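Naming convention: chains lettered A, B, ... in sequence-line order (proteins, then strands); numbering from 1 in each chain. Computed from a predicted model, the values in this text were never measured in an experiment.
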Amino acid sequence: GAVVSQHPSWVICKSGTSVKIECRSLDFQATTMFWYRQFPKQSLMLMATSNEGSKATYEQGVEKDKFLINHASLTLSTLTVTSAHPEDSSFYICSARDRGALWIQYFGAGTRLSVL
Amino acid sequence: GENVEQHPSTLSVQEGDSAVIKCTYSDSASNYFPWYKQELGKRPQLIIDIRSNVGEKKDQRIAVTLNKTAKHFSLHITETQPEDSAVYFCAASKNQAGTALIFGKGTTLSVSS
């Protein structure tokens, strides 16, 4: 099946620094990618929809200036957590739909962010 | 937007028993309903899905039923095994390129031997 690659898998950073997370579709083109955040023992909450070549659409309550999303190509979306704080510590997961087969949403392996 | 409710939040069964998890959705335009199994720290794994043009789908010990009128779908696991223990999430979406899956809050299934 289709593969979504996400890097890094784990990152520790100091409070106030920025962290970039990459999400790549390896064997299909994705005009749209999705970013989710999952706190411990909670569900996956949609943060934003990343559209190739245009601005991302953010869910209510998600700060677009804090969570910068760039979708520069049909296979790559990046999420940058700017000026990270301990409350941003979470599990971030990206996903994408193959534009040639829209039913299934493929997930990356996730990035565990710990902000000290 | 879509809202998905999932029950129960925790479920404990004995090995060999059946387990049922139920979800309701709010957007009548949603037409795709997958179920995911997630182990701690891992990505969600698709275990079964159903589209709105069918009412039931089965894959070995796992089955999903869909009632479009009631906007309700359920996961059925028969002959449960300890390795079925995990967190299960239901989700719903429309089959459109820009539409994300919206997840229920999850059910922690524990199967004791």
Side-chain angles (χ1 to χ4, degrees), chain A residues 1-6 9-10 23 28-52 54-62 71 74 90-114, chain B residues 1-10 21 23 25-27 29-54 57 59 64 66 86-110:
Chain A
V3 176
V4 173
S5 174
Q6 185 174 344
S9 57
W10 190 20
C23 181
F28 65 97
Q29 292 184 330
T31 53
T32 306
M33 292 185 174
F34 309 101
W35 289 94
Y36 292 84
R37 180 168 54 184
Q38 186 176 31
F39 291 110
K41 299 187 178 181
Q42 294 189 23
S43 185
L44 287 82
M45 299 300 296
L46 180 65
M47 298 176 65
T49 299
S50 170
N51 304 296
E52 187 267 334
S54 65
K55 291 182 179 180
T57 304
Y58 291 83
E59 296 299 300
Q60 190 173 6
V62 177
H71 194 154
L74 287 173
S90 188
F91 192 53
Y92 294 87
I93 308 177
C94 69
S95 70
R97 278 185 159 150
D98 181 347
R99 67 175 184 175
L102 293 176
W103 288 103
I104 297 176
Q105 195 165 313
Y106 299 97
F107 286 86
T111 297
R112 182 157 302 283
L113 172 63
S114 296
Chain B
E2 178 63 273
N3 182 53
V4 179
E5 299 285 340
Q6 182 173 346
H7 299 280
S9 56
T10 60
I21 304 171
C23 289
Y25 61 98
S26 62
D27 188 348
S30 289
N31 57 4
Y32 178 60
F33 308 95
W35 286 88
Y36 288 86
K37 177 181 181 182
Q38 188 182 31
E39 297 179 357
L40 192 63
K42 301 287 182 63
R43 79 184 83 195
Q45 289 184 304
L46 178 67
I47 56 172
I48 195 167
D49 58 10
I50 191 167
R51 306 178 189 182
S52 60
N53 59 341
V54 297
K57 183 177 178 181
D59 182 5
V64 57
L66 171 66
V87 180
Y88 292 81
F89 292 98
C90 62
S93 78
K94 294 186 278 280
N95 179 28
Q96 294 176 2
T99 304
L101 287 171
I102 301 301
F103 286 83
K105 290 190 183 299
T107 296
T108 300
L109 173 64
S110 299

K.L.:
Please, which pairs that meet salt bridge (charged side-chain N to carboxylate O under 4.0 Å, His left out) have at least one residue in residues 43-53 of chain B, sequence neighbours excluded?
P.N.:
B:Asp49-B:Lys57
K.L.:
Please flag which part of B:Leu101 lies under 4.5 Å from any non-hydrogen atom of chain A: side chain, backbone, both or neither.
P.N.:
both
K.L.:
For B:Gln45, look at atom CD and say whether over 12 heavy atoms of other residues, nucleotides or ligands are found less than 6.0 Å away.
P.N.:
no
K.L.:
Check A:Leu46 against A:Glu59 and note the closest heavy-atom contact, atom names and distance.
P.N.:
O-CG, 3.2 Å
K.L.:
Is there a donor-acceptor pair closer than 3.5 Å between any side-chain N or O of A:Gln38 and the backbone N or O of A:Phe91?
P.N.:
no
K.L.:
Side chain, backbone, both or neither: which part of B:Ser9 has a non-hydrogen atom closer than 4.5 Å to chain A?
P.N.:
neither
K.L.:
Does any heavy atom of chain B fall under 4.5 Å from the side chain of A:Leu44, the backbone, both, or neither of them?
P.N.:
both
K.L.:
Please state whether the side chain, the backbone, both or neither of B:Gln38 comes within less than 4.5 Å of a heavy atom of chain A.
P.N.:
side chain
K.L.:
May I ask you to decide if the ring planes of B:Tyr36 and A:Phe107 are parallel, tilted or perpendicular, using 30° and 60° as cut-offs?
P.N.:
perpendicular
K.L.:
May I ask you to name which of B:Pro44, B:Pro34, B:Gly106 has the most heavy-atom pairs under 4.5 Å with chain A?
P.N.:
B:Pro44
K.L.:
Taking the side chain as every heavy atom from C-beta outward, state whether A:Trp10 and A:Ser114 have any atom pair closer than 4.5 Å.
P.N.:
yes
K.L.:
Side chain, backbone, both or neither: which part of A:Tyr106 has an atom under 4.5 Å from a heavy atom of chain B?
P.N.:
neither
K.L.:
Checking B:Phe103 against chain A: side chain, backbone, both or neither under 4.5 Å from a heavy atom?
P.N.:
both
